[in-house]
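As structure tokens, the structure follows; a few thoughts come after it.
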Amino acid sequence: MKDRKPLYLMTPALAWLTAFMVIPCLLILALAFFRRGLYGGIEYTFTLENLALVFDPLYAGIFLKSAAIAGLSALIAVIIGYAAAFAIAAAPSRRQPILLFFAVLPFWSNYLVRTYAWIVLLNREGLITGLARWLGYDAEMPRLLYTEGAVVVGLVYNYLPFVILACYAPLSRLNPEIAEASRDLGASSWTTFRRVVLPMTVPGIATGFVFVFVLSIGNFVTPALLGGGQFQMIGNLIYAQFLTANDWPFGAALSMVLIAIMMGLLTLQTFATERASGAKREES
Amino acid sequence: MASLANPRLMLAILAAVFAFLYVPISVLVALSFNDGGLPTAWTGFSTRWYGELLHNRDIMSAAFNTLVVAVVSTVLATILGSLLAIGVEIRRRKGRFLETIIFAPMIIPDIVLAIALLSFFSLLNVTMGLHTVILSHVVFNLAFVCSVVRARLKTFDWSIVEASTDLGASTPVTLVRIVLPVMLPAVIAGALLAFTLSVDEFIIAFFTAGAGRDSITLPMQIFAMIRFGVTPEINALATIVMAVSVIALTLSQRLNRGGLPGQ
Amino acid sequence: MTQPLLSLRNVQKHFGTVRAVDGLNLDIQENEFFALLGASGSGKTTLLRMLAGFEVPTGGEILLDGKDVSNVPPNRRPVNLMFQSYALFPHMTIAQNVAYGLEMEKCPKAEIKTRVGEMLEIIQLSHLAGRKPDQLSGGQRQRVALGRALIKRPRLLLLDEPLGALDKKLRGDMQLELKRLQHEFGITFIIVTHDQEEALVMADRVAILKDGTLLQCASPHDIYERPNSRYAADFIGVMNFMPAKVSNGRLLGAHGKPVTAQIPEGLHEGADVVVAIRPERLKVSAPQGDAAGSLPRGRVLATAYHGLDLQLHLETELCADPITVRLTAQEADQIALSQGDQLELGWDAKDTRVFAA
């Protein structure tokens, strides 16, 4: 096959991506450097004000808060997800595909619906309160819904299947004889896990963490539904700039910072994967 | 891993994780059949909420819009994405830039793509509606189709393409008689995945559908219903939407034994 | 001499700075069973792909029936390739696989049907015509691949490591089968292999390739008995090499005594050479008299029993590596052997080859 042939196969799709992804994203990048017009329009003069505004304590605080919530969600999701992936990888090999399938299945049902399910559980008149009453807990229930905790639970719940998948991949590829060799050389189960298995599966952990963090920090549905507008995350802030505050340049600047954070993390993840690739070579 | 694992602990972990994953959605499904519709009191089995859905004009029109968007964007994305996948895989040199462009729609935060497209369409003075939602959905759908088809192509024995040429076939004949039939299961799996994603997609649709009531999609309708007063109908609607995704994904999985979508 | 079916004239193929094929000249006659033998990286696969049309030569000419086909695409050449992986179409039945090539020629439907039927008969797979390739065994798949290529009645059939994927026993059967089919169809076969035994058993002529150049091209007998280089001698079969030096028209071995050998002309005084001899050409006998006898001696290091024959490994003064001797079962029975025994080694000068060191 000559190198010319693939070009005409790729052209339609690449043209589409250029028109409806690359150009719009470049547009946003440009927009971030324009001034906001008096009545919400865009004034085409160059300014760095929008980017500066991102670092204004008010908005920087929202960034930090979003990062804290995203980081906490990612951490919890990785701990639960890794444990689940390990348990699946330890199951008899003929059962693993079906376990994995059911672990991932919820991921492919509607995101809004999954989030809504937690409203039903956490609501003041919801199932958890009902259950507590039924068990004889009569005191005032703490508020469950519309809290940061609810947002974290929602994010963990929504992205857990992906973390399981990401952690399972390196665990399942691990040659069991490597763990046995470590045991044979005198290491305990725990030491073997800590010194051998864990380092070799870092890429999966990194992928899972970065994925949950990136999707959480820019999330707008979960804070809106489970946070109940009690506090803002970056996603909500961007949303507001475009649909209510009508400050597109500032919204664009926020998006750019979001993208920058995401790219930085993806680079770190690639780095983590490459560092562990020495371990990978041993696998094969 | 079995040699390191305590079987009881592993079982406990699996039980806890699966309970965490499935209890919330199971509650939803159960409530959709609760006659009274309230989460705290079971008043008897009934399918009345499903019946109510059929009479809700807003929901029916949103469902129809979603179907239009999903079908059209899936067809477009399947054609574009499959060709792209074949093109990328037969290319010998792998360009990092090319890989980034193809990978980007899957990882770019929805909200960013949504506002980018909103700005793009409004600056061009394009009237927004279902057509702009379709144009936008094709962006990420084609990337997912491409990744599913590429995964299959990785295990594809390219020597059958050469064998076909060697036996006298021209390139178009080889594409139609050899490459396409062998790739068909993966292409259909990719299409089903795209369909599911499109049916479920909310944020991009929300930003690119414009203001008109007649371009509301089902996820937009669900969002509005959750936000402005929960009615019991939503449990039934949620159950149906989940069932559609799960069925499409299970089919996709069966066809594409190469791996889980998104892997 | 008639016009050769295939002529290679200074054929070259460069990939960047790598010279995969570097100036090959070769004539192959109609009806020949020809083997291209070489280690991996010798350029044999690149050459095959140029003959099939999947690579365009960087230089030189490939003449088929006297016409240069270097730039003719693979689908327009009367040349077919049997792929190493067999490359059967997984979504088609056996019959559809075999018919494919004829359909490409726009053969009439009725003719395709007859010819496919005949071909399935020949490759003995008529009863499996409706199966898919993944329902066949390795040997059956190989026959489908062969039938699919043969049905087009090409001028030249190329076979890329055709037996590589089969187990040893099946390989023996298929070697005979391939020879039979080649004879029956009267089509020229070019087989590429790294397995010297396969090449020697099947081919009328064998070409040894090394680093993209032709080292030797001869009949299997001549390749084995009269290798023209140390590499060829080492590559084919087992060979003992003994270092020696030219001195007064004789060869002196490492032990300082004369070595029996056929001395080629043109060796100057003091030149370093190696004397090569096949294990089956060596004779051993129990030592006669004292150690100062004229024949070199060796001590048995190990014996290896192979059923048909017995291999001895002897430590000698002739070279650093042990000398391998092959005895027939009968010969072995006549001498009682055990590890550490001293033996006298002898051979005829005509059985040796001498190469520059």
Side-chain angles (χ1 to χ4, degrees), chain A residues 1 3 5-6 9-10 12-13 16-17 20-21 23-25 27-28 31 80 83-84 86-87 89-90 101 104-106 108-114 116-121 123 125-127 130 160 165 171 176 179-180 183 189 192-193 218 220-221 225 235 238-239 242 248 251 255 258-259, chain B residues 1-5 10 13-14 17-18 20-21 24-25 27-28 31 39-40 80-81 83-84 86-88 90-92 101 104-105 107 109 111-113 115-120 123 135-136 138-139 142 146 196 200 202-203 219 222-223 226-227 230 234 238 241-242 245-246 249 253 260 263:
Chain A
M1 298 262 166
D3 255 16
K5 215 175 287 164
L9 294 172
M10 298 193 295
W16 197 287
L17 290 179
F20 299 111
M21 182 184 71
I23 292 175
C25 285
L27 183 70
I28 285 289
L31 221 53
I80 301 176
F86 193 92
F101 176 73
V104 177
L105 194 59
W108 297 106
S109 65
N110 191 298
Y111 184 91
L112 289 169
V113 168
R114 278 179 290 153
Y116 166 67
W118 280 96
I119 296 185
V120 173
L121 290 179
N123 217 342
E125 294 304 320
L127 213 69
L160 183 62
L165 203 58
L171 278 168
E180 282 163 14
R183 297 296 304 277
S189 295
T192 299
F193 173 74
F220 134 78
V221 171
L225 294 182
I238 296 174
Y239 164 87
F242 278 84
W248 289 22
S255 304
L258 190 61
I259 292 270
Chain B
M1 283 319 87
S3 68
L4 294 180
M10 293 301 118
I13 290 174
L14 286 179
V17 169
F18 277 100
F20 177 62
L21 286 174
I25 38 185
V27 165
L28 213 59
L31 286 180
T40 38
L80 296 180
L83 290 178
L84 178 64
I86 296 171
V88 173
I90 61 179
R91 222 172 104 103
R92 280 195 192 135
I101 295 268
I107 53 160
I111 185 96
V112 175
L113 191 57
I115 58 150
L117 284 161
L118 169 67
S119 318
F120 178 68
L123 281 179
L135 293 177
S136 310
V138 171
V139 172
L142 84 83
C146 176
T196 316
D200 287 345
F202 164 59
I203 297 171
I222 293 174
F223 185 74
I226 296 171
R227 235 183 163 185
V230 174
I234 195 175
V241 168
M242 258 193 312
S245 311
V246 165
L249 249 299
Q253 218 31 175
L260 292 154
Q263 210 172 7

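The chains referred to below are lettered A, B, ... by the order of the sequence lines, with proteins before strands, and numbering in each begins at 1.
With contacts defined as side-chain heavy-atom distances shorter than 4.5 Å, the pair A/L258/B/I111 qualifies. Contact annotation: the side chain of A/I23 approaches that of B/F120 to within less than 4.5 Å [non-hydrogen atoms, C-beta and beyond]. Inter-residue side-chain proximity for B/P109 and A/I259 is flagged as met; some heavy-atom pair is nearer than 4.5 Å. When side chains are defined from C-beta on, A/W248 counts as touching B/L118, because their heavy atoms get closer than 4.5 Å. A/Y116 has its side chain out of reach of B/I222: every pair of non-hydrogen atoms, C-beta onward, lies at least 4.5 Å apart. Residues B/L21 and A/L105 are not in side-chain contact: their nearest non-hydrogen atoms beyond the backbone lie 4.5 Å or more apart. Here the side chains of B/D200 and A/Y111 are not in contact, with every heavy-atom distance at 4.5 Å or above.
Residue B/V138 touches chain A through both its backbone and its side chain, counting heavy-atom pairs closer than 4.5 Å. With a threshold of 4.5 angstrom between heavy atoms, B/F20 approaches chain A through its backbone and through its side chain. Looking at B/I25, the atoms closer than 4.5 Å to chain A (heavy atoms on both sides) sit in the backbone and in the side chain alike. When heavy atoms are compared at a cutoff of 4.5 Å, B/V139 approaches chain A by way of both its backbone and its side chain. For B/L117, the parts sitting under 4.5 Å from any heavy atom of chain A are the backbone and the side chain alike. The parts of B/F223 that come within reach of chain A are both its backbone and its side chain, each placing non-hydrogen atoms under 4.5 angstrom from that chain. Proximity to chain A involves both the backbone and the side chain of B/I101, based on heavy atoms less than 4.5 angstrom apart. Residue contact with chain A, scored on non-hydrogen atoms closer than 4.5 Å, involves the side chain of B/I203 exclusively. Of the atoms belonging to B/L113, it is side-chain heavy atoms, and not backbone ones, that fall under 4.5 Å from chain A. Looking at A/L112, the atoms closer than 4.5 Å to chain B (heavy atoms on both sides) sit in the backbone and in the side chain alike. Proximity to chain A is absent for every atom of B/S136, based on heavy atoms less than 4.5 angstrom apart. Looking at B/L123, the atoms closer than 4.5 Å to chain A (heavy atoms on both sides) all sit in the side chain, from C-beta outward.
Of all the listed residues (B/I115, B/V241, B/V17), the one sharing the greatest number of non-hydrogen pairs under 4.5 Å with chain A is B/I115. Considering only heavy-atom pairs separated by less than 4.5 Å from chain A, the leading option among B/L83, B/V27, B/V246 is B/L83. Note: B/S119 leads B/S245, B/A238, B/S119 in heavy-atom pairs under 4.5 Å with chain A. Highest contact tally toward chain B, considering only A/T192, A/L225, A/I80, is held by A/L225 [criterion: heavy-atom pairs under 4.5 Å]. Taking A/G218, A/A83, A/A87, A/G235 one by one and counting their heavy-atom pairs under 4.5 Å with chain B, the maximum is reached by A/A87.
Across every non-hydrogen atom of A/A117 and B/P24, the tightest pair is CB-O, 3.7 Å.
A side chain to side chain contact (heavy atoms under 4.5 Å, CB included) with B/I234 is found for exactly one of B/L28, B/L31, B/I226, namely B/I226.
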